[in-house]
Amino acid sequence: MDVTERQHLDAVRAQLVRRYQFVDPHLVDEMVDTAYHRFDGCRIRDFVPLLVGRAAIRSLDAALAAGATTSSG
């Protein structure tokens, strides 16, 4: 992962932590990491952060619908 991609993913992660502030941040991290690794081996990386963000949102919404644990604070 290059520096720019890492910066974009950090921004996605921060945005999702704010958007899902009632969800355990570790769950957000897990969803972002899982979505990111789906793109391992892809040669074109320009849109990976955008696609990771969208995939993580879908996963978080599904986890919440299934009753995932929320943060206590």
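Please read these numbers as outputs of a predicted model, since none were measured by experiment.
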Item to check | Considering all heavy atoms, the nearest Met31-Ser59 contact | outcome: SD-CB, 3.5 Å
Checklist outcome for this item: Correct closest heavy-atom pair for Ala55 and Ala35 would be CB-CB, 3.8 Å
Item to check | Residue pair Leu27 / Val23: nearest heavy atoms and the distance that separates them | outcome: CD2-CG1, 3.5 Å
Checklist entry - For Asp2, which residues count as a side-chain hydrogen bond (donor to acceptor under 3.5 Å, both in side chains) partner, sequence neighbours excluded? => result none
Checklist entry - Quick one: CZ on Arg19 to CD1 on Ile57, what's the gap to the nearest 0.5 Å? => result 4.0 Å
Checklist entry - Quick one: salt bridge (Lys or Arg N to Asp or Glu O under 4.0 Å) partners of Arg45, sequence neighbours excluded? => result Glu5
Item to check | Counterpart residues, side-chain hydrogen bond (donor to acceptor under 3.5 Å, both in side chains), relative to Asp10 (two or more places apart) | outcome: none
Checklist entry - Quick one: salt bridge (Lys or Arg N to Asp or Glu O under 4.0 Å) partners of Asp33, sequence neighbours excluded? => result Arg13
Item to check | Set of residues satisfying side chain to side chain contact (heavy atoms under 4.5 Å, CB included) with respect to Val12, sequence neighbours excluded | outcome: Leu16, Pro49
Next on the checklist: Quick check: is Leu9 connected to Val3 through a chain of hydrophobic side chains (ILVMFWY, heavy atoms under 4.5 Å apart)?
Outcome noted: no
Checklist entry - side chain to side chain contact (heavy atoms under 4.5 Å, CB included) with Val48: which of Leu51, Val52, Asp46? => result Val52
Checklist entry - Out of curiosity, Arg6 CZ to Tyr36 OH, how far, rounded to the nearest 0.5 Å? => result 7.5 Å
Checklist entry - Excluding sequence neighbours, so at least two apart, what forms side chain to side chain contact (heavy atoms under 4.5 Å, CB included) with Arg54? => result Leu50, Arg58
Checklist entry - Between Leu64 and Tyr20, is any pair of side-chain heavy atoms under 4.5 Å apart? => result yes
